[in-house]
Protein chains: 2
Amino acid sequence: MEESKNHILQTALLLFLEKSYKAVTFKELMEQTGFSKGAFFHYFKNKKEIFEAVIDMYLGHFMAIDFTKLPQTNLREFLDAYFPTARKMRTGFLPLELVNATNRYALMFEALRILPDFKSKVTRDEENTLAAWTSLIANARSRQEIKTVMPDEQLARLFIDASHGIVIHSIMTDNVEAIETEALSSWNNLYLLVKA
Amino acid sequence: MEESKNHILQTALLLFLEKSYKAVTFKELMEQTGFSKGAFFHYFKNKKEIFEAVIDMYLGHFMAIDFTKLPQTNLREFLDAYFPTARKMRTGFLPLELVNATNRYALMFEALRILPDFKSKVTRDEENTLAAWTSLIANARSRQEIKTVMPDEQLARLFIDASHGIVIHSIMTDNVEAIETEALSSWNNLYLLVKA
DNA sequence: TTTTGCATACCGACCATTCGGTATGTTTTG
DNA sequence: CAAAACATACCGAATGGTCGGTATGCAAAA
């Protein structure tokens with residue numbers, strides 16, 4: 001039961017990652033999962049409920065990072081630990097090559113438009129992220145690791161927006177392989193600007 | 001002829017902005033334009049060709065900014081002039097409220113996945129943007145407006161990525177109205193960090 | 001100057017296919 | 001044997017696309 005349902009959800013996630021909601025059909029879902037149509041309607045009420053379940057799972061496993069697993073006082077250590085930790089969170093769950101940046105963002109936008117409840121979850125996630133960074137910055141400042149007149153939250157925003165922006169820029173320049181490297185480079189530049 | 005075709009394209013753009021390619025149907029296109037199905041197939045070979053034409057028009061009128069219309073040596077003036085210029089480019093063409101950030105990015109992602117040629121155009125656009133910013137930074141540095149050890153292009157990236165990232169962050173925090181304000185604030189913070 | 005011929009612009013009925021969804025099985029499992 | 005886990009057959013609606021037709025304009029021919 002739980003196994004079949006998970007199999008359906010993982011397969012559906014891969015499809016929804018590469019195509020829009022409407023573009024994914026039961027035909028494909030059946031082919032990719034090996035299940036018949038009856039199985040789908042046994043576990044889910046309709047197509048939208050499958051999509052909702054997929055997004056729920058996706059949000060839990062892929063979107064936000066668990067900041068408690070990262071250094072919370074030392075900014076330098078935080079930056080260096082970020083991507084290894086992020087990568088570890090996701091491995092073992094899905095073929096990560098398919099979960100590339102373009103598809104991840106496309107899926108987020110699709111969910112934002114289709115699922116009314118999704119927006120508030122994303123908002124909460126992003127606010128938590130901002131809070132975590134802000135607290136980190138404040139700690140780094142009080143430890144005199146950094147020194148600047150910029151308020152904590154605004155500096156936190158510079159780091160966060162840089163990481164979002166690098167993804168978009170990398171997508172647009174067809175250079176998604178370099179996202180981690182470029183993010184580290186930009187974070188480092190920011191860091192040097194505010195280092196005490 | 002040209003008028004009818006434009007009417008179709010503008011109406012189709014609005015639909016493709018708010019829904020995915022597959023989710024937009026001829027039924028809706030007919031209702032919104034007032035044209036019959038025959039008209040569409042008179043002007044276009046099929047649905048995909050309509051989408052392509054829409055994206056072509058969209059790219060020309062909405063995406064990139066004309067950097068020649070902006071100050072190219074003074075960074076401060078450039079930042080202040082950016083959004084007024086950008087806004088001017090777009091007015092008079094479509095109801096801009098509908099062309100909000102979420103829909104614009106969603107359309108870009110959809111086009112990236114559906115139209116094979118789109119990626120290269122976006123890439124070229126983004127590379128031009130980077131070149132323009134880099135040149136601007138170089139000028140500002142040689143005028144001693146700014147002073148930092150960071151290379152021109154990397155500093156340009158910080159500004160560009162900040163603007164992309166702010167859009168994403170604003171979408172995720174459901175705060176798209178504030179995009180311009182926040183971008184100006186972040187740009188200003190960056191500016192203060194590197195000002196001579 | 002009128003008529004003929006043809007191209008353009010558009011309509012709407014029609015078509016095959018595909019879609020999501022249901023109703024009814026059959027098999028497996030506890 | 002009863003309930004859960006599927007499979008199969010089928011349905012109505014919607015989809016993208018076609019096709020024959022018409023109304024209008026415009027240029028060449030008479």
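Computed from a predicted model, the values in this text were never measured in an experiment. So you know, we letter chains A, B, ... as the sequences are listed, proteins then strands, and number each from 1.
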ask   = With distance as the sole criterion, is a donor-acceptor pair present between the side chains of B:Glu126 and B:His164 under 3.5 Å?
value = yes
Given atom [atom1] of [X] and atom [atom2] of [N], what is their separation to the nearest angstrom?
{"X": "A:Glu3", "N": "D:dA4", "atom1": "CD", "atom2": "C1'", "result": "16 Å"}
{"X": "B:Phe40", "N": "C:dG12", "atom1": "CZ", "atom2": "P", "result": "13 Å"}
{"X": "A:His7", "N": "D:dC6", "atom1": "NE2", "atom2": "C1'", "result": "14 Å"}

key: Distance below 4.0 Å between A:Tyr43 side-chain N/O and D:dA4 OP1 or OP2   = no
task = Check whether the ring centres of B:Phe26 and B:Phe41 lie less than 6.0 Å apart, and answer yes or no.
result = yes
task = Please say whether the positively charged group of A:Lys47, taken as NZ for Lys or CZ for Arg, lies over the ring of A:Tyr21, i.e. under 6.0 angstrom from the six-membered ring centre and within 45 degrees of the axis.
result = yes
key: With B:Phe159, the ring-ring contact (aromatic ring centres under 6.0 Å, His included) member among B:Tyr82, B:Trp133, B:Phe78   = B:Trp133
ask   = What is the per-nucleotide protein-contact pattern of nucleotides 8-24 of chain D, from the 5' end, where B denotes a base atom under 4.0 Å from a protein heavy atom, S denotes such proximity for sugar-phosphate atoms only, and - denotes neither?
value = B------SBBB------
message = Quick check for you: to the nearest 0.5 Å, what is the distance between A:Ile166 atom CD1 and A:Ser185 atom OG?
response = 7.5 Å
Nearest heavy-atom neighbours spanning B:Lys19 and B:Glu28 = NZ-OE2, 2.6 Å
